[in-house]
Amino acid sequence: MSLTVDPVSTPINTEGPVILPRQFAYLTELSPADNSKYIQVRVYRKWTGVKVPGFTPTNFSCILLDKKGSAVQANADLKEKDRFDHDLQINNVYKIQGFGFERTDSWGKTLDNDFTLTFGKYTQIDRLTDTDYPYHYFNFAAFNELNARLEKKNPILTDYIGYVHNVEKVKEYGGATTSRIKLRNIGIRNLNNDVVPFTLWNEDADNFKDDEYAQMKQPVVLVVSSCYLKRYAGQIQLSATSANRYYFNPDVQETSELLAAYNKANASGPHLQVQTERLTSWDQEKTRNRVPLGTLLQIDPKTQQRVLFTQEATVLQIDTGHHWYYQKCDECGGKLTYGYLHGQCHQYETKPNPENRMVITDGTGNALMSCFTPQTDGLIKDVNALLNEVENKDPAITPPAILALQNTRHVFQFQFATPTTKGPPTFILKKIMDNPPTALPAASAGPSSPPVLQSITETDEHYTPPPVTPTVTQDTPADAPATTSYPPELGAKKQLFPPSTSEEHDRSPKKQKNE
DNA sequence: CCCCCCCC
């Protein structure tokens with residue numbers, strides 16, 4: 001013990017610096033005032049710290065894991081970056097000594113540590129052959145914890161895990177006169193089918209290996225680490241920071257959980273494979289995603305948001321308990337109640353534009369479908385014309401022209417409505433496809449109203465996330481063919497996830513070709 | 001020391 005020198009209590013009469021062998025310490029045994037320890041660690045992650053605006057590089061950073069699974073961040077001056085970048089290789093294990101300590105910056109914390117190691121010119125690094133060290137260190141947030149984290153001022157950056165729900169293409173924004181920014185969103189879905197977008201920026205957006213991902217066995221579990229949480233377009237977003245790294249199917253317990261849940265669901269019944277791209281031929285489009293209503297009704301709508309289905313179905317009943325239209329105030333946008341003055345916006349009289357709305361019940365599975373103008377084109381005439389025809393404009397009184405739809409048969413294209421309450425899912429009419437369009441086939445090909453559903457790409461009304469499907473309750477062996485039959489062009493594959501990205505991008509973001 | 005993580 002006499003060889004041990006505590007630098008804090010060493011008498012000051014020591015001649016020059018005393019180089020004494022340092023003692024091994026686990027990371028939990030380090031203290032910011034103690035210079036007498038060395039550590040043995042795996043290099044887990046490394047990155048270049050940046051400063052906004054401009055994202056100019058500021059320092060070299062890394063995260064180190066010791067044998068017991070503890071983690072510590074270490075920083076070095078930017079001028080030492082090349083050396084440490086070279087001497088510290090990801091996943092290699094090293095003995096490190098001669099480091100200092102600093103208080104961990106509250107901004108962009110990667111770990112729940114009070115101090116961070118500092119590396120510099122006295123730092124000595126020796127490679128070790130023992131590699132029996134942990135490969136990962138995560139502190140996952142659950143979906144329902146994200147909001148609380150978002151509210152917190154300087155929370156620790158967020159680690160998150162789930163299935164890859166969809167992979168978007170790179171989008172480019174801005175230009176020479178502002179900032180040129182590229183981004184790529186990747187939806188991450190948990191076991192409750194909540195989807196959170198993870199955003200990669202610029203080079204990282206480009207460098208995401210689409211092709212590699214597309215080749216991977218589905219489903220793919222994705223872990224994203226050290227993400228900045230923010231709200232974008234009203235929904236929560238995991239934004240990549242410089243410290244971020246992401247991992248496919250990392251060997252952690254949560255990955256096993258997700259894969260086990262997938263296999264269990266997969267073993268219990270057939271799954272949808274849906275075609276999410278609009279088909280150019282009317283005949284093909286008309287039969288796209290002909291999934292029986294009975295099947296759709298057993299599906300979690302959250303997994304099929306914005307996917308368009310078609311079905312030829314009979315209108316069993318008009319829901320006369322539902323108002324067949326409603327009026328919207330042209331000033332505040334609020335819903336008007338028939339017979340009630342909207343005096344706060346229109347002092348003397350109300351002249352709002354009518355917007356029709358009615359609910360019909362349709363089809364083999366008795367599904368409830370809401371129909372909004374103008375998607376009712378081809379089913380009923382213009383709502384204003386209809387209103388002119390009826391004597392009683394009370395929206396509770398369904399006109400005969402609408403009641404006459406009962407027992408008529410049509411080809412509906414529709415999507416799931418935003419799930420609100422418990423009970424069977426409901427649908428939203430998107431298009432009546434009884435007859436091919438007579439004119440303007442291209443212009444009428446897409447939905448003409450703003451998106452009804454919240455989704456990852458809220459701004460793109462043509463967006464539909466790729467398909468995913470939870471259990472449809474049937475006792476089908478895992479490798480048995482799906483019992484549901486689909487038109488051949490759908491490919492009746494029994495597959496929970498599609499092999500690739502398949503968004504309906506008929507508009508591409510503005511691209512600047514001056515790189 | 002502060003600003004401060006890129007997009008609607």
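Here is the naming used below: chain letters follow the sequence lines, and residue numbers restart at 1 for every chain.
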Could you work out, with salt bridge (Lys or Arg N to Asp or Glu O under 4.0 Å) as the rule, every residue matching Asp87(A), not counting sequence neighbours? Arg83(A)

Asp194(A): partners by salt bridge (Lys or Arg N to Asp or Glu O under 4.0 Å), with sequence neighbours left out: Lys302(A)

Residues in side-chain hydrogen bond (donor to acceptor under 3.5 Å, both in side chains) with Lys95(A), at least two apart? none

Report, one line per pair, each donor and acceptor closer than 3.5 Å where one atom sits in a side chain of residues 154-162 of chain A; sequence neighbours left out.
unit_1    : atom_1 : unit_2    : atom_2 : d
Thr158(A) : OG1    : Arg149(A) : NH1    : 3.1
Asp159(A) : OD1    : Ser226(A) : N      : 2.9
Asp159(A) : OD2    : Asn139(A) : N      : 2.8

Under 3.5 Å, which protein N or O atoms sit close to an N or O of nucleotides 1-5 of chain B? Give each pair with its distance.
unit_1 : atom_1 : unit_2    : atom_2 : d
dC4(B) : O2     : Val52(A)  : N      : 3.3
dC4(B) : O2     : Val52(A)  : O      : 2.7
dC5(B) : N4     : Trp107(A) : NE1    : 2.9

Residues in salt bridge (Lys or Arg N to Asp or Glu O under 4.0 Å) contact with Lys67(A), at least two apart in sequence or another chain: Asp130(A)

